[in-house]
Number of protein chains: 2
Amino acid sequence: MKNRLKVERAEQNLSQADLADRIGVSRQTINSIETGRYVPSTILSLKLAQVFGKPVEHIFTLEATD
Amino acid sequence: MKNRLKVERAEQNLSQADLADRIGVSRQTINSIETGRYVPSTILSLKLAQVFGKPVEHIFTLEATD
DNA sequence: TATTTATGTAAAATTAACTTGACATAATGG
DNA sequence: CCATTATGTCAAGTTAATTTTACATAAATA
């Protein structure tokens, strides 16, 4: 699964820590999702989508291998 | 988090087992998501959304307590 | 230069997702 | 009736998500 978190954060000028605070997870969780170390829960991706005002599908996309 | 899986399945006339086969998880996994026993991964919700041809947000919605 | 901010990562611990196998029940079709 | 299908759930096991603590490094800034 690919993600656009880094780009979306840049557009909103949010640090990983800022974003983590907004959705109530640790900074490392955001970093790990962003760098593809693990897949967030649907609750998390809905919250992230909400923060950026965009659909989940815009931020996370399945790849061929999924 | 609420979900509309039961309704979406009914519209497509899919059993829990059918749906499970389509996205490559066990029947119990679908049942557990549907009955709210656990929250699916984002990969799973993207696949479910894909099967029903609707956005993730249409199928899963955050509640006040999330 | 010293310090603060942002990021990446790692290890240990806990919780949650998911699987397999199994059993129960209700509804339906032969 | 009997068999099948659909659903709900449970228990045990494995894997993955998430937290906390911690350390390293690069960039920005006082």
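Throughout, a chain's letter reflects where its sequence line sits, starting with A, and its residues are numbered from 1.
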## Note on the structure
side chain to side chain donor-acceptor pair (under 3.5 Å) filter on A/S32, not counting sequence neighbours, yields none

### Task
Check every atom of C/dA17, D/dG8, C/dG8 against the side chain of A/K6 and return the nucleotide holding the closest atom.
C/dG8

### Summary
Looking only at C/dA17, D/dA6, D/dT9, the nucleotide nearest the B/Y38 side chain is C/dA17

### Message
Heavy atoms from C-beta onward define the side chain here; which of C/dT19, C/dG8, D/dT9 lies closest to that of B/S26?
### Response
C/dT19

### Task
Nearest whole angstrom, please: distance from the C1' of D/dA17 to the CG of B/L44.
14 Å

### Query
Where the side chain of B/Q28 is concerned, which of D/dG8, C/dC18, C/dA22 is the nearest nucleotide?
C/dA22

### Query
Where the side chain of A/V39 is concerned, which of D/dT18, D/dT7, D/dA17 is the nearest nucleotide?
D/dA17

### Query
If only side-chain N and O atoms of A/N31 are considered, is one of them under 4.0 Å from the OP1 or OP2 phosphate oxygen of C/dT7?
no

### Query
So which nucleotide from D/dT18, C/dG8, C/dT19 ends up closest to the side chain of A/S41?
D/dT18

### Query
Which one, C/dA22, C/dT19, D/dA17, comes nearest to the side chain of B/R27?
C/dA22

### Message
Check this for me: does any side-chain nitrogen of one of B/E34 and B/R27 sit under 4.0 Å from a carboxylate oxygen of the other?
### Response
no

### Message
Under a plain distance cut-off of 3.5 Å, with no hydrogens placed, do A/S26 and A/T29 share a side-chain donor-acceptor pair?
### Response
yes

